[in-house]
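Step one of this worksheet: look at the structure below.
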Amino acid sequence: MQHQVPAPVTGSGAPSQPSTTDREGEEREPRTSQESQEPREPREPREPREPQEPREPQESQEAPAPKEPAATGGETGTGTETGTGRGSGAGIPARLSAALRTPDALNLLPLLLAAALWAWALPRIDFRNIAEFGLLDRFPLTFYASLAVLTGGFVLTLRRAGTAPLWPATYCAAMLFALKAPPAILYDNVRYAWASKHDAIISRLLDQGTVHPGAELSGGMSAYDQWPGFFSLDAALVRAFGVDAAASFINWAPVALGLLTVPVLILVYRTFSDDWRLVWTGVWIFQLANWVGQDYLSPQGFSYLLYLTVFAVVVRHFVLPGSAGPLRDRGALDPAAAAVPPPTTTRQRAIAVLILLPVIATINASHQLTPVMLCATLFALCLTRRYRNIGLLVTSGLVMLAWNLTMGRELFLETLGTLREKAGDLLANSRPGFAGDPTGPGPELVGSANILMVLSLGGLAVAAVLLRRRLARSALPLVLAAAAPLPAFAVNDYGGEMVFRVYLFGLPGSAFFAAAALVPAVGAASRAAATARRVAAVALPVTLIAMLAGFLPSYYGKEGMHYASPGETALTRRAFDRAPEGSLFLAATGAFPDAYYRYDRYERWFFTEQEVDENLRMLRDPASYLAGGIPEGKPAYVLLTPTQGEAVIGEGYLPAGGFDRLRDALKRSPLFEVVEESEYGLVLRHRPATTG
């Protein structure tokens, strides 16, 4: 029999163990060298390390629990605790207790608790009685508790994100579903007026089977025939699902687009970081910071997903040979940074351009602004030698120009005309909304939350770029992508939404560096690094909870403008159906469901969507003001609904109480007669003045 030689004993009296930092570095270095595929010089012998304080083992490397000693005392056979009789059942609680202490069980328990709280709260959300704070005061406390538990569970999963990435992925999907699925499950109508507008466009395309890019339609609706790519896809989905209209699945678009965006973000973030904690935290922050509401069933939400896809392909497969320089050296990188992807040949990049060409063409066929942002981002990447690919930039620019000069020619030329007026007006172009400041406690809270979210995200991102300069150097494409949309402020206000679009296109890079500010790098053994890790252990969950608190009012604070009862929708459709074709419909704003119902058969005038001063003049005598804008001999109707009342006050078109004054004045005027009035709205017919 051979005797095992005992391990040598160090100064502490115990065998020396590699530290967690050493283990993570040793796991990361072979992978980095393999990715770079470059010969490595032989290493110099390391200097002896000073003994470190013993650390607690990580959850992923826990030692097995010691077995309990068998009962002794001379008894044998049955009746002992290790036998098969009554004592065998005594081990079940112990095994159950041990199972509950496993890392997987610790990750599962918060998920189950959050699901139970959320499921209990869901039917108790009082969405039919929305007040001035939207859904914020209609959510039960258990709904907020479920989101807090999900946040805590996600932070726990980050401890083993590298060895068990399925858990943070599950929590990201659960949080996305918990935040954005309630309207899809609960609402008995289409959420958001612009979603119902897109439903009307899809229905018309299904009915007529083609588009009419040269047709003149009121309300700017001709543009949707000039960029029909997204709507053609949705029409195909309606037929594939065998449903009557897109309204049957339209409220699920935020969940679907969010889930499709996650793997693309992972591809982007993994290109620049090997630290799964940083990657998943970036995805989590992106979800909480994506409050601008462009993820509904819209050309913007669809083309944004394609934009991120093109960006992911570029940063992973368009690296020029010999351009990485010192970034190939592991010692020049941040401990959390990933090695630069291997370079590609000219032929490989040309093939990649051909593969991306249909995606770029689809973006151009679906949306007006996204191709501009794509070209701006590709141009910014060309500023670095690493991603200087003029061919892809020129291809994207030519496709955009070709579409704008053919299918989208009319709107393109009209937009060029407005550039003379708005170019260089930074204050006006960066102002959110169409009119004045929102009024009322709910809209004011939303505005404050929006500002705080932008400032907090931007502050964290800038701090990470300054403090982790080596990470910013290797992830420079994300810095450039976040900054590329900023010049758009100097060009146009995009109907009062440019500020939101700039924020949206800069969000992927900003979310990554905001996560880098909260997730310190592993491997550093300095006192400052240890302090940073201790601070981050508290700052990370606190910041995520604060961002969650900012997301909720930003996304749900104006829900009174986004949800309309089926009774209001029915009243709107009756008003259109009984009016003769070619009639003019007047409404305070187009932000109400079915505002564009049968939009190719009627004309529309949303009379408060103008400067505030003009609206104040209109309120002095609303009946005469509106009657003066109706062409002679044109049948005209006024349609006012509760959702319009929420919108004109929330967006600042009218002062507080202005909508009620408008409605009462029109009812009293002899120039208009009431056709229908109920709690769901008011319909009036214009009575032209007669002579004789």
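- Looking only at distances, a side-chain donor or acceptor of Gln644 sits under 3.5 Å from a matching main-chain atom of Leu639.
- Ring to ring, Tyr296 and Trp194 are not that close: their centroids are 6.0 angstrom or more apart.
- Here the closest heavy-atom approach between residue Gly293 and residue Tyr555 is recorded as CA-CE1, 4.5 Å.
- Taking the six-membered ring where the residue is Trp, Phe230 and Phe302 present tilted rings, their angle falling between 30° and 60°.
- Residues Leu552 and Leu147 form a side-chain contact, since some pair of their non-hydrogen atoms from C-beta on lies under 4.5 Å apart.
- Between Phe177 and Trp118, the ring planes lie tilted relative to each other; the angle falls in the 30° to 60° range.
- By the 6.0 Å contact criterion, CG on Leu141 is open, its count of non-hydrogen atoms from other residues, nucleotides or ligands being 12 or less.
- Remark: Arg409 CZ is loosely packed, at most 12 non-hydrogen atoms of other residues, nucleotides or ligands lying under 6.0 Å away.
- With values rounded to the nearest 0.5 angstrom, Ile201 atom CD1 is found 5.0 Å from Tyr224 atom OH.
- Under a 3.5 Å cut-off, the side chain of Trp120 and the backbone N or O of Thr142 do not form any donor-acceptor pair.
- Between Glu559 and Arg191, at least one side-chain N (NZ, or NE/NH1/NH2) sits under 4.0 Å from a carboxylate O, which counts as a salt bridge.
- Between Leu398 and Thr395, the closest side-chain pair of non-hydrogen atoms is not below 4.5 Å.
- With Lys634 contributing its side chain and Gly582 its backbone, the two residues share a donor-acceptor pair below 3.5 Å.
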(message) Under the criterion side chain to side chain contact (heavy atoms under 4.5 Å, CB included), I'd like the reasoning laid out for Thr377 against Val310: C-alpha separation, chi angles, the key distance, then a yes or no.
(response) CA-CA 11 Å; Thr377 301; Val310 173; over 6 Å; no
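- Contact of the Pro182 side chain with the Phe127 side chain is not registered, since no non-hydrogen atoms from C-beta on lie closer than 4.5 Å.
- Between the side chains of Asn189 and Thr569, at least one donor N or O lies within less than 3.5 Å of an accepting N or O.
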(request) Please assess Tyr680 against Thr643 for the test side chain to side chain contact (heavy atoms under 4.5 Å, CB included), listing each intermediate value before the final yes or no. (result) CA-CA 9 Å; Tyr680 302 118; Thr643 305; over 6 Å; no
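- Between Val675 and Arg578 the shortest side-chain heavy-atom distance falls below 4.5 Å.
- Counting only distance, with no hydrogens or angles, the side chain of Ser303 and the backbone of Gln300 share a donor-acceptor pair below 3.5 Å.
- Salt bridge annotation for Asp207-Arg204: absent, with no cationic side-chain nitrogen under 4.0 angstrom from a carboxylate oxygen.
- Aromatic ring centres of Phe505 and Tyr304 lie closer together than 6.0 Å.
- Closest approach of Ala195 and Ile250 over heavy atoms only: O-CD1, 3.1 Å.
- Residues Thr589 and Glu651 have side chains that never bring a donor and an acceptor to within less than 3.5 angstrom of each other.
- With values rounded to the nearest 0.5 angstrom, Lys197 atom NZ is found 4.0 Å from Tyr596 atom OH.
- One finds the CG atom of Leu260 at 10.0 Å from the CG atom of Leu306 (value rounded to the nearest 0.5 Å).
- Looking at Asp225, its side chain never comes within 3.5 Å of a backbone N or O of Met221 through a donor-acceptor pair.
- Residues Pro213 and Glu410 come closest through the heavy atom pair O-OE2, 4.3 Å.
- Of the possible donor and acceptor atoms, one in the side chain of Gln287 sits under 3.5 Å from a partner among the backbone N and O of Cys172.
- With ring centers used as reference points, Tyr625 lies 6.0 Å or more from Phe607.
- More than 12 heavy atoms of other shown residues, nucleotides or ligands fall within 6.0 angstrom of atom CD in Gln208.
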(request) Tell me, with the steps shown, if Met453 and Trp291 meet side chain to side chain contact (heavy atoms under 4.5 Å, CB included). (result) CA-CA 9 Å; Met453 287 287 285; Trp291 49 263; 3.6 Å; yes
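- Residues Tyr637 and Pro580 approach most closely at OH-CD, 3.6 Å, considering heavy atoms.
- Nearest heavy-atom pair across Leu135 and Ile125 is CD2-CG2, 4.2 Å.
- The main-chain N or O of Asp577 is never found under 3.5 Å from a side-chain atom of Arg598 such that the two would form a donor-acceptor pair.
- Between Pro485 and Val502 the shortest heavy-atom distance is O-CG2, 3.5 Å.
- A donor-acceptor contact closer than 3.5 angstrom is absent between the side chains of Asn615 and Thr608.
- Between the side chains of Tyr503 and Asn290, no donor N or O sits under 3.5 Å from an acceptor N or O.
- Summarising the local packing, CG of Asp244 is surrounded by 12 or fewer heavy atoms from other residues, nucleotides or ligands at distances under 6.0 Å.
- Each of Asn251, Val255, Leu122 was scored for a side chain to side chain contact (heavy atoms under 4.5 Å, CB included) with Ile185, with one residue passing: Leu122.
- For the pair Phe249/Val238, a side-chain contact is recorded, criterion being any heavy-atom separation below 4.5 Å from C-beta on.
- A donor-acceptor distance shorter than 3.5 angstrom exists from the side chain of Glu609 to the backbone of Gly590, with no hydrogens or angles considered.
- Here CG of Leu136 is found 10.5 Å from CD1 of Ile130. Values are rounded to the nearest 0.5 Å.
- To the nearest 0.5 angstrom, Ser396 atom OG is 3.5 Å from Ile360 atom CD1.
- A distance of 13.5 Å separates OH in Tyr653 from CZ in Phe659, rounded to the nearest 0.5 Å.
- At least one side-chain heavy atom of Arg128 sits under 4.5 Å from a side-chain heavy atom of Tyr563.
- At distances below 3.5 Å, at least one donor-acceptor pair connects side-chain atoms of His367 with backbone N or O atoms of Thr370.
- Distance alone, capped at 3.5 Å, places no donor-acceptor pair between the Trp403 side chain and the Gln368 backbone.
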